Amino acid sequence: MQTFRVWLENIPTLCNTYRDIVNEMTDRVNTAPVRIEYKDQEQEGLHLFLFQSWCEQEYDAQTIDWARAFVALTITEWVMQVKEPEIIEEMAADLLQVEQLEEEWEEMLPTILLRCQENDQVNEGWFTATTRKAKVYQKAFQYLETERSIHLTGFIRFRLQEHWNELFELVEAGIDDYLEEKQYEEFVELLRYFIAAQDSKQEVVHIVPSVDKPFHLYDKKGDRLWLEQLDAVLNLEEQQCRDEDYLVSALVTLAPQSIVLHQAGDKPGLAKTIQSIFDSRLITCHSCQLCRGKRVLDAHNPTKL
């Protein structure tokens, strides 16, 4: 028989949540031939969850750790479901107070929580929800190898310090994401107002991806539009990562009635950016001879469209 003790603060909401997690795990996880039972009770001012396991046959190299793995899983789920959201809110509240952004708390919190709950690794090695859960499980599983009794408050405070440090970076990133998105939305609104107030200089502008530069611009007759300042900037290698910003600047200057983005399927992000500013003026092209690869523009001469 194996015995594990999990101690929680005697707070009904915390204990009820952990009990629900244990019951859910019991229904969902098949531990046969190991049988795991638990009971919980108040003891010494805390709440004790006592796990006991039996094996229907002799323990082997696999089944010997099944009870430990089960308890570690329940602890992991409790940390992720209960403590993480609680600590994220505490971290965010402290950061927002420092930045004097408390009034934007309710609007900002969903962005922060979304960033912390993302499972897609946008950046290599990023601390996603999946990797965080794996690390918490590993810590709990290793701790229970030598200790059969675990106090969750102490475990969270002292054994998961690295976890909370990395989570703090995610919270900071979530706040930055929110502020950048808000600034972008304000910028887009300003551009929309500016475009609506000025006269159009071109009826149609075609945006054509190019080899020597990120793109070329053409008018409705197929003649190349030359923007000296824009071309000078795009010739700087260190500025190539910001080509969309300069394209938007060019389009705002030209204020066309219609914008045709060729090979739009290859640049969904660019299409989304232009549409957010110019709305229904944008037309995405996928089927002309140029988009189907049947026609190639000369990258060095002002070839007609």
Side-chain angles (χ1 to χ4, degrees), residues 1-44 46-88 90-91 113 116-119 121 125-168 170:
M1 184 177 69
Q2 294 182 337
T3 301
F4 294 93
R5 291 175 173 84
V6 177
W7 299 87
L8 281 80
E9 295 179 69
N10 195 20
I11 300 175
T13 54
L14 298 182
C15 298
N16 290 340
T17 304
Y18 184 71
R19 186 182 299 109
D20 291 341
I21 289 172
V22 173
N23 290 333
E24 179 187 355
M25 296 292 291
T26 300
D27 294 337
R28 185 157 52 95
V29 178
N30 181 14
T31 61
V34 176
R35 185 158 52 95
I36 303 172
E37 296 179 352
Y38 86 95
K39 60 182 178 180
D40 63 285
Q41 61 188 35
E42 294 183 23
Q43 186 172 325
E44 299 176 9
L46 298 171
H47 204 96
L48 170 65
F49 285 79
L50 179 65
F51 295 87
Q52 294 180 316
S53 70
W54 297 265
C55 190
E56 297 174 359
Q57 56 198 33
E58 187 175 350
Y59 282 109
D60 57 27
Q62 287 185 323
T63 57
I64 191 67
D65 287 329
W66 283 12
R68 175 159 65 111
F70 179 86
V71 176
L73 280 172
T74 65
I75 293 170
T76 301
E77 289 296 329
W78 189 80
V79 169
M80 299 299 293
Q81 292 182 29
V82 178
K83 298 308 293 184
E84 262 214 359
E86 180 182 301
I87 292 176
I88 286 172
E90 291 176 359
M91 291 176 175
L113 292 174
C116 294
Q117 292 166 359
E118 285 177 345
N119 286 317
Q121 288 184 308
W126 196 241
F127 198 50
T128 66
T130 300
T131 58
R132 294 202 307 278
K133 180 179 286 191
K135 288 182 178 182
V136 172
Y137 171 78
Q138 185 181 36
K139 289 282 188 182
F141 187 73
Q142 289 176 345
Y143 183 86
L144 293 172
E145 183 177 13
T146 56
E147 302 290 339
R148 294 300 178 97
S149 182
I150 180 170
H151 192 299
L152 287 190
T153 300
F155 174 77
I156 288 168
R157 182 177 300 168
F158 300 110
R159 301 283 177 166
L160 299 181
Q161 191 60 52
E162 181 181 357
H163 179 92
W164 306 125
N165 291 340
E166 292 180 307
L167 190 65
F168 184 80
L170 275 182

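For clarity, every value in this text was computed on a predicted model and none was experimentally measured. Throughout, residue positions are numbered sequentially from 1 according to the sequence presented.
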Novice: Taking the inter-plane angle between the rings of His47 and Phe49 on a 0 to 90° scale, is it parallel (under 30°), tilted (30 to 60°) or perpendicular (over 60°)?
Specialist: tilted
Novice: Could you state the interatomic distance from CG (Leu144) to CG (Asp65), rounded to the nearest 0.5 Å?
Specialist: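 The CG atom of Asp65 is 10.5 Å from CG of Leu144, to the nearest 0.5 Å.
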Novice: Mind checking the CD-CG spacing from Glu42 to Leu8? Nearest 0.5 Å is all I need.
Specialist: 12.0 Å
Novice: Going by the rule side-chain hydrogen bond (donor to acceptor under 3.5 Å, both in side chains), which residues pair with Thr31 if we only count those two or more places apart in sequence or in a different chain?
Specialist: none
Novice: Quick one: does NZ or CZ of Arg68 land under 6.0 Å from the six-membered ring centre of Phe4, within 45 degrees of the ring axis?
Specialist: no
Novice: Between Ser53 and Ile36, which heavy-atom pair has the shortest distance, and what is it?
Specialist: CB-CG1, 4.0 Å
Novice: Mind checking side-chain hydrogen bond (donor to acceptor under 3.5 Å, both in side chains) for Gln52 and listing every partner two or more places apart, or none if nothing turns up?
Specialist: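 Not a single residue meets the side-chain hydrogen bond (donor to acceptor under 3.5 Å, both in side chains) criterion with Gln52.
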Novice: If I take atom CE from residue Met91 and atom CD from residue Glu86, how far apart are they, to the nearest 0.5 angstrom?
Specialist: 11.0 Å
Novice: For the pair Trp7 and Ser149, evaluate side chain to side chain contact (heavy atoms under 4.5 Å, CB included) and give the outcome as yes or no after the intermediate values.
Specialist: CA-CA 8 Å; Trp7 299 87; Ser149 182; 2.9 Å; yes
Novice: Between Leu50 and Gln41, is a side chain to side chain contact (heavy atoms under 4.5 Å, CB included) present by the stated rule, with each step listed?
Specialist: CA-CA 8 Å; Leu50 179 65; Gln41 61 188 35; over 6 Å; no
Novice: Any non-hydrogen side-chain atom of Thr128 less than 4.5 Å from a side-chain atom of Thr131?
Specialist: yes
Novice: Before you tell me yes or no, could you show the steps for Thr153 and Glu9 under side-chain hydrogen bond (donor to acceptor under 3.5 Å, both in side chains), namely the whole-Å CA-CA distance, both residues' side-chain angles and the distance that decides it to 0.1 Å?
Specialist: CA-CA 7 Å; Thr153 300; Glu9 295 179 69; 3.2 Å; yes
Novice: Counting only heavy atoms not in Arg159, do more than 12 fall under 6.0 Å of its CZ?
Specialist: no
Novice: Check the pair Leu152 / Trp78 against side chain to side chain contact (heavy atoms under 4.5 Å, CB included), numbers first and verdict last.
Specialist: CA-CA 10 Å; Leu152 287 190; Trp78 189 80; 3.6 Å; yes
Novice: What do the steps show when you test Ile21 against Gln81 for side chain to side chain contact (heavy atoms under 4.5 Å, CB included), and what is the final call?
Specialist: CA-CA 9 Å; Ile21 289 172; Gln81 292 182 29; 3.8 Å; yes
Novice: In sequence, state the C-alpha distance, the side-chain angles, and the governing distance for Glu162 and Lys135, and then conclude on salt bridge (charged side-chain N to carboxylate O under 4.0 Å, His left out).
Specialist: CA-CA 10 Å; Glu162 181 181 357; Lys135 288 182 178 182; 5.0 Å; no
Novice: Do Phe51 and Lys39 have side chains that approach each other closer than 4.5 Å (heavy atoms only, starting at C-beta)?
Specialist: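 Side-chain contact under 4.5 Å: no.
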Novice: For the atom pair OH (Tyr38) and OG1 (Thr74), what is the distance rounded to the nearest 0.5 Å?
Specialist: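 It is 10.5 Å, given to the nearest 0.5 Å.
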Novice: Between Pro33 and Trp66, which heavy-atom pair has the shortest distance, and what is it?
Specialist: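 Nearest pair, atom of Pro33 first, then Trp66: CD-CZ3, 3.6 Å.
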Novice: First locate atom NZ of Lys83, then atom NE2 of His163, and finally report the distance between them rounded to the nearest 0.5 Å.
Specialist: 11.5 Å
Novice: If every non-hydrogen atom of Trp164 is compared with every non-hydrogen atom of Ile156, which pair is closest and at what distance?
Specialist: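 What the structure gives for the nearest pair is NE1-O, 2.9 Å.
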Novice: Does anything in residues 24-38 pair up under salt bridge (charged side-chain N to carboxylate O under 4.0 Å, His left out), and if so which pairs, sequence neighbours excluded?
Specialist: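 Of all non-adjacent pairs touching residues 24-38, those that pass salt bridge (charged side-chain N to carboxylate O under 4.0 Å, His left out) are Glu24-Arg28, Arg35-Glu37.
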Novice: Specify the closest pair of heavy atoms between Val22 and Phe70, including all atoms of both residues, with the distance to one decimal.
Specialist: O-CZ, 4.1 Å
Novice: Can you tell me how far apart CG (Leu167) and CG (Leu160) are? Round to the nearest 0.5 Å.
Specialist: 11.0 Å
Novice: Considering all heavy atoms of both residues, which atom of Met25 and which atom of Leu73 are nearest to each other, and what is their separation?
Specialist: CE-CB, 3.4 Å
Novice: Locate the shortest heavy-atom distance separating Ala72 from Tyr137; write the atom from each residue and the value.
Specialist: CB-CE1, 3.6 Å
Novice: Check this for me, if you would: do Glu84 and Arg132 make a salt bridge, where the nitrogen-to-carboxylate-oxygen distance has to be below 4.0 angstrom?
Specialist: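 Result for this pair is yes, salt bridge flagged.
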Novice: More than 12 foreign heavy atoms under 6.0 Å from CZ of Arg157: is that the case here?
Specialist: no
